[in-house]
Trainee: 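The following block contains the structure, expressed as structure tokens.
The model shown is predicted, which means the values in this text are computed figures rather than measured ones.
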Amino acid sequence: MLLRVRVTLPDRPGTLGQVARTLGVSGADIVQVMVLERLGGRAVDDFTVVWPGAPRVERLLAGLAAIPGVRVDGVWRAIGTPTTTGQDAELLAQVAANPADGLATLVDAVPGLLAADWAVAVMVPLDWASRSGGGAAVVAQASWRAPVPPALPEVTPLRARAVSTPEGTHHAVAPFGRAGLVLVVARQHASPFTAAAFHATEVDRLAQLVRAGAVILGDRLDLVGPPAVTA
């Protein structure tokens, strides 16, 4: 299986190599490393690894925890292939090439780009500010892995942000800036794995994709409505 492993580690020579060696000794085959943050002598890195599945993940966690200064922020299943340079631009090109299905294309592709489980585009009522809890959001488009109905955090069409629930589900939320549409992406807790919350760089990436998608789709977003209910 493909796993995403997020670690916070000291930003000094040799520590990254120790983490990589530990992953290898534990049975993980590293296929990608992404640097999410480097600040104040600490770094946050995402490792995408092929995990054989037979060894228990506790072995991996124990090995990483034994490295001085290293903290494991999350280990979870990753969907699809590792992220490569240019995938965001390729996705937006697909949206532009077929704008009639542009929103569906965006919703289906975003979970794979952000190592998430599912995504939905929801419509927030225009009078959300006067309602308790922001008003009930209506799902307009859902990715193929989205639960029915999806468990959503409080959604408001104001700004991109990360939201986590007490149950361990993590969300990244980004508004389209029109028609009350908001894109919600989720990582769910699935034992024995524990997903990491969305990092600020991931939220920014989602916001950029949504803003660009809104520019491409334009007035089409005003025509988006809830899916038809079949008898």
Trainee: Which heavy-atom pair separates Val75 from Phe193 by the least distance, and what is that distance?
Mentor: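 Smallest heavy-atom distance, with atoms named: O-CB, 3.1 Å.
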Trainee: Taking all non-hydrogen atoms of both residues, which atom of Ala197 and which atom of Arg6 are closest, and how far apart?
Mentor: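 Between these two residues, the closest heavy atoms are O-NH1, 2.7 Å.
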Trainee: Under 3.5 Å, is there a donor-acceptor pair between the side chain of Thr8 and the main chain of Arg71?
Mentor: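 Flag not set: sc Thr8 to bb Arg71 has no pair under 3.5 Å.
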Trainee: Compare every heavy atom of Ala195 with every heavy atom of His170, then report the nearest pair and how far apart it is.
Mentor: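 Here His170 and Ala195 meet closest at NE2-O, 3.1 Å.
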Trainee: Quick one: CG on Leu217 to CZ on Arg178, what's the gap to the nearest 0.5 Å?
Mentor: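 Answer rounded to 0.5 Å: 9.5 Å.
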Trainee: Please step through side chain to side chain contact (heavy atoms under 4.5 Å, CB included) for the pair Leu64 and Val5, ending with a clear verdict.
Mentor: CA-CA 10 Å; Leu64 293 173; Val5 182; 4.0 Å; yes
Trainee: Taking all non-hydrogen atoms of both residues into account, name the closest pair between Leu92 and Gly213 and its distance.
Mentor: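 In terms of heavy atoms, the two residues are closest at CD2-N, 4.0 Å.
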Trainee: Treating Ile, Leu, Val, Met, Phe, Trp and Tyr as nodes and any side-chain heavy-atom pair under 4.5 angstrom as an edge, say whether Trp76 and Leu3 lie in one connected cluster.
Mentor: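 Hydrophobic grouping puts Trp76 apart from Leu3.
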Trainee: Would you say that Ser164 contacts His171 through its side chain, given a criterion of any heavy-atom pair below 4.5 Å between the two side chains?
Mentor: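 SC-SC contact between Ser164 and His171 ruled out.
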Trainee: Measuring from atom CG of Leu61 to atom OG1 of Thr194, what distance do you get when rounded to the nearest 0.5 angstrom?
Mentor: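 Rounded to the nearest 0.5 Å, the CG-OG1 separation comes out at 8.0 Å.
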Trainee: Does Phe47 share a hydrophobic cluster with Met1, counting links as ILVMFWY side-chain heavy atoms below 4.5 Å and allowing steps through other members?
Mentor: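 Yes, one cluster joins them.
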Trainee: Check the surroundings of atom CZ in Arg161: do more than 12 heavy atoms from other residues, nucleotides or ligands lie under 6.0 Å from it?
Mentor: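 It does: Arg161 CZ has more than 12 such atoms within range.
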Trainee: Applying a strict under-4.5 Å side-chain criterion to I, L, V, M, F, W and Y, I'd like to know whether Val57 and Val70 cluster together.
Mentor: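 The answer is yes; both residues are in one hydrophobic cluster.
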Trainee: Can you hop from Leu36 to Leu209 via hydrophobic side chains spaced under 4.5 Å?
Mentor: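 Result: no, two separate clusters.
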Trainee: Could you tell me the separation between the CG atom of Leu23 and the CD1 atom of Ile30, rounded to the nearest 0.5 Å?
Mentor: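 Between atom CG of Leu23 and atom CD1 of Ile30 there are 4.5 Å.
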Trainee: Going from CE on Met34 to OG1 on Thr201, what distance comes out if it is rounded to the nearest 0.5 angstrom?
Mentor: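 If I round to the nearest 0.5 Å, the distance is 7.0 Å.
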Trainee: Taking Arg187 for its side chain and Ala115 for its backbone only, find out whether a donor-acceptor pair lies under 3.5 Å.
Mentor: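 The answer is yes, because a donor-acceptor pair under 3.5 Å joins these two groups.
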Trainee: Do you know which of Leu152, Val138, Val173 makes side-chain contact (heavy atoms from CB on, under 4.5 Å) with Val122?
Mentor: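 Among Leu152, Val138, Val173, the one that satisfies the side-chain contact (heavy atoms from CB on, under 4.5 Å) with Val122 is Leu152.
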Trainee: Ignoring hydrogens, what is the shortest heavy-atom contact between Phe176 and Val182? Give both atom names and the distance.
Mentor: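 In terms of heavy atoms, the two residues are closest at CD1-N, 4.0 Å.
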Trainee: About how many Å separate CG of Asp45 and CG of Leu16, when rounded to the nearest 0.5 Å?
Mentor: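 Reported to 0.5 Å precision, the distance equals 6.0 Å.
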Trainee: With distance as the sole test, does Arg205 use its side chain to make a donor-acceptor pair with the main-chain N or O of Leu113 at under 3.5 Å?
Mentor: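 Judged by distance alone, yes, a pair lies under 3.5 Å.
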Trainee: Check Arg77 with Asp117, please: is the shortest side-chain N to carboxylate O separation under 4.0 Å?
Mentor: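 Salt bridge: no.
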Trainee: Knowing that exactly one of Val184, Val120, Leu183 qualifies, which makes a side-chain contact (heavy atoms from CB on, under 4.5 Å) with Val155?
Mentor: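 Testing Val155 for a side-chain contact (heavy atoms from CB on, under 4.5 Å) against Val184, Val120, Leu183 leaves exactly one candidate, Val184.
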Trainee: Out of curiosity, Glu37 CD to Asp46 CG, how far, rounded to the nearest 0.5 Å?
Mentor: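 One finds 11.5 Å between CD of Glu37 and CG of Asp46.
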Trainee: Quick check: closest heavy atoms across Ala140 and Met123, and the distance to 0.1 Å?
Mentor: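 For Ala140 and Met123, the tightest heavy-atom pair comes out as CB-CG, 3.9 Å.
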Trainee: Same cluster or not: are Val44 and Phe198 linked, directly or through other Ile, Leu, Val, Met, Phe, Trp or Tyr residues, by side-chain heavy atoms under 4.5 angstrom apart?
Mentor: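 They do not share one cluster, since no chain of ILVMFWY contacts under 4.5 Å joins Val44 to Phe198.
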Trainee: If only side-chain N and O atoms count, and only distance matters, is there a donor-acceptor pair under 3.5 Å linking Ser26 with Arg59?
Mentor: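 Result is no, nothing qualifies.
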